[in-house]
Every structure is written in structure tokens, then in C-alpha cells.
Amino acid sequence: VRRFEVAFAEFVGVRNAIACSSGSAALHLALKALGVKAGDQVALPAMTYVATANAVVQCGAVPVFVDVDRDTWCIDPGQVPADVNGVIPVHMYGLVADLSALDKCDRWLLEDAAQAHGAAQGGRQVGAIGDAGAFSFYASKIIACGEGGMVTTNNDKVARSARLYRGQGVDPTRRYWHEVQGFNYRMTDLSAAIGLAQLEQYPGFATCRRALMDLYMQRLDGVVTFQPRTDESADWVAACLLPTDADSAQVAERMLLRGVETRPFFPPLTTMPAYFDSSAQVPVARELARRGICLPLHCEMAPKDAEYVCDELLGALR
Ligand SMILES: Cc1ncc(COP(=O)(O)O)c(C=O)c1O
């Protein structure tokens with residue numbers, strides 16, 4: 001585990017990396033370590049995986065759902081209320097959220113980088129831009145070890161606190177003596193060994209993912225809309241918007257019948273029972289969820305597999 005932490009810290013370009021049992025655990029640990037407490041207001045995008053919001057609630061804090069930007073599909077910095085205690089931008093599908101505006105305020109910033117290993121903004125890697133970053137190594141992620149997560153931070157106090165909470169709050173110098181009420185969020189050495197091996201292969205993963213993404217973007221140009229990718233973004237899944245008149249559920253069903261598994265976009269959290277809020281104004285997240293579909297993208301795919309996916313998508317849209 002220690003070796004994976006050192007290698008991952010070097011990869012991201014931060015002083016500290018704290019390995020843990022999942023991306024969800026990494027978010028929870030980072031929030032605890034940043035000092036988030038009951039009643040704090042935490043802004044996050046309405047369109048994200050539910051773990052981002054759950055971690056906030058697990059600290060007793062209040063999630064403040066913000067609509068996403070029409071182009072980046074990440075949190076719209078212009079809509080983040082001024083009075084929140086902190087913000088969790090999510091680097092959606094590998095594209096880095098616009099942190100330039102959020103970075104300047106004096107509230108804390110926790111990057112949810114679960115979907116964006118290796119992505120960067122202005123030369124700084126995700127997980128090294130905000131006060132802390134949280135990564136997931138779940139099986140489907142760019143770097144995967146079955147289940148696992150990592151907190152990254154340049155702040156030594158935050159790192160110490162995250163380590164403390166990870167191991168039931170035990171005092172590092174005194175056995176069975178607990179400084180805070182913590183959790184068992186440890187990563188196993190077995191998972192870390194897989195993570196290390198994956199990390200070594202990252203350059204190859206990134207190249208093959210980018211080549212498949214380029215192929216999708218060329219073949220589907222003018223038919224679907226992709227996020228505006230940059231040389232610095234990562235490629236997690238090939239997420240795209242179908243034409244406005246297409247029925248994304250029907251397209252997904254047709255493609256599945258032809259052997260192509262796709263994923264829907266994350267519906268806005270405020271539209272589902274766990275976080276239902278009928279007053280939430282998130283029109284962009286709603287539209288993206290209606291039109292979005294994620295095409296398969298992983299390094300076991302050959303270019304001809306991606307060609308097949310494109311043929312089947314075009315066929316399903318006819
Ligand atoms: C944006 C985001 N945050 C957090 C997580 C949680 O990670 P894990 O499944 O490892 O707990 C995920 C997982 O998909 C995610 O996509």
C-alpha cells in the first residue's frame with residue numbers, strides 16, 4: 001500500500017497520497033480531513049455519481065446541487081452560491097471542470113477525480129489543483145484494482161487527518177488509543193499491488209483510449225456531440241449527446257440487441273428519490289440525461305470494435 005501511495009503521489013504531482021478502500025471512502029475521508037462538519041453547505045454538480053453527494057451527507061453537511069455547464073457537462077462555476085463552505089467539482093467523464101474561477105475563492109475545493117486519472121489543467125494534474133482530490137480504482141476506471149480509492153493533497157495536515165480517519169482514528173504512536181471517531185477504510189496490499197501494476201501501464205492505457213476516442217469523434221462527427229476534449233483531458237467513457245429528436249433509451253436497447261452495451265448518463269440527483277427536490281433548477285443536467293449515452297471505451301477494444309459500435313449507433317438512429 002505504501003509503495004502505491006508513493007507512486008500515485010508522484011504520478012499526480014502531490015506531496016501526499018492516502019490509499020483507501022473505494023472512491024466513496026476517499027471522498028468521505030477527504031471531507032472529514034478538510035474539517036467539514038454538520039450543517040456546512042457543500043456545492044456539487046447535480047449531474048454526478050451519487051457517491052459525491054452521499055459523502056457530504058455522511059459528514060452531516062448539506063449538499064447544494066448546482067447545474068452543469070452546457071459545454072463541459074461539469075459544474076457551472078457561475079452558478080455556485082457565494083456562501084457555501086466548499087465545492088466539489090467533478091471531472092465528468094475525464095474532462096476537467098473549469099477550476100480557474102473556483103480556485104480563487106477562500107473556501108475549500110475537493111476535486112472528485114474518480115473518472116479522470118491523469119487529466120490536467122494548465123499543466124497541473126487533477127487531484128493536485130484543489131485542496132484535496134479523491135480518486136476511485138473501481139473495476140471500470142482508467143486505473144483499476146477491483147475496489148479502491150486514493151485521497152491526494154499537498155496539505156500535510158489534511159493528509160495526516162485523512163490517515164487518522166482511515167484507520168479508526170488510532171493514534172499512530174499509541175496502540176488502541178483513538179484520537180477521533182474514524183472508519184475502517186483501509187486498502188488491502190493485494191489491491192495496491194494491482195493498482196501499482198496498472199499505474200505502470202497508464203501511458204499505454206491513455207494512448208489506446210485516446211486513439212479509440214479519436215476514432216469515435218471522426219466517425220460520428222456531425223451526428224452526435226462530444227464534450228470539448230483537450231490535449232489534457234482523460235478518456236474514461238465515450239460520452240456523447242444524441243440528436244435532440246432521438247430516444248436514447250430506445251437507441252441503447254437497439255444497440256444491446258446487436259451486442260453493444262452502452263450506459264445512460266447520470267440522471268440529476270435532484271430528480272431521484274434519494275435527493276429529490278422539486279424546486280431544484282437544473283435544466284442543463286436534465287437535458288444531458290435525456291440525450292446522453294456512453295459508448296464503450298477500454299483497452300481490450302480494437303479499432304474494428306469501435307467501428308462496429310459506430311455502425312450500430314448509426315443503424316439504431318436510422
Ligand atoms: C464521480 C464519481 N465519484 C465517486 C465515485 C465512487 O467511487 P467508488 O465506486 O470507487 O466508491 C465514482 C464511481 O463511479 C464516480 O464516478
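Read the numbers this way: they start at 1 and go in the same order the structure lists the ligands and their atoms. Sequential numbering from 1 along the given sequence is applied to the chain's residues.
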Enquirer: What part of A51 sits under 4.0 Å from ligand 1 if we count only heavy atoms: the side chain, the backbone, both or neither?
Expert: side chain
Enquirer: Is the closest N or O pair between F266 and ligand 1 shorter than 3.5 Å?
Expert: no
Enquirer: Under 30°, 30 to 60°, or over 60°: which ring-plane class applies to F135 and H117, parallel, tilted or perpendicular?
Expert: tilted
Enquirer: Tell me whether the count of non-hydrogen atoms from other residues, nucleotides or ligands lying under 6.0 Å of CZ in R286 goes above 12.
Expert: no
Enquirer: Just distances here: any N/O of W236 and N/O of ligand 1 closer than 3.5 Å?
Expert: no
Enquirer: Output the list of atoms in ligand 1 that are nearer than 4.0 Å to some heavy atom of L27, sorted by atom number.
Expert: 4 (C)
Enquirer: Can you find an N or O of T48 that's nearer than 3.5 Å to an N or O of ligand 1?
Expert: no
Enquirer: Need the ligand 1 atom indices (1-based, order shown) with element for anything under 4.0 Å from a heavy-atom of S136.
Expert: 7 (O), 8 (P), 10 (O)
Enquirer: Considering heavy atoms of the protein only, find what lies nearest to atom 3 (N) of ligand 1 and give residue, atom and distance to 0.1 Å.
Expert: D112 OD2, 2.8 Å
Enquirer: Ion pair present between K141 and E147, side-chain N to carboxylate O less than 4.0 angstrom?
Expert: no
Enquirer: Among L314, L313, V224, find the residue that satisfies the side-chain contact (heavy atoms from CB on, under 4.5 Å) test when tested with R219.
Expert: L314
Enquirer: On a heavy-atom basis, which atom in F265 and which in I293 lie closest, and how many Å separate them?
Expert: CE1-N, 3.3 Å
Enquirer: Should we say atom OH of Y138 is surrounded by more than 12 heavy atoms from elsewhere, each under 6.0 Å from it?
Expert: no
Enquirer: Please confirm whether Y49 comes within less than 3.5 Å of ligand 1 when only nitrogen or oxygen atoms on both sides are compared.
Expert: no
Enquirer: Relative to the heavy atoms of V90, which atoms of ligand 1 are at a distance of less than 4.0 Å?
Expert: 1 (C)
Enquirer: Which one of E147, Q115, K141 has a non-hydrogen atom at the shortest distance from atom 13 (C) of ligand 1?
Expert: K141
Enquirer: More than 12 non-hydrogen atoms from neighbouring residues, nucleotides or ligands closer than 6.0 Å to OH on Y49, yes or no?
Expert: no
Enquirer: Judged on heavy-atom distance to atom 11 (O) of ligand 1, which of A25, S24, A26 sits nearest?
Expert: S24
Enquirer: Are more than 12 heavy atoms from other residues, nucleotides or ligands located less than 6.0 Å from atom CZ of R2?
Expert: yes
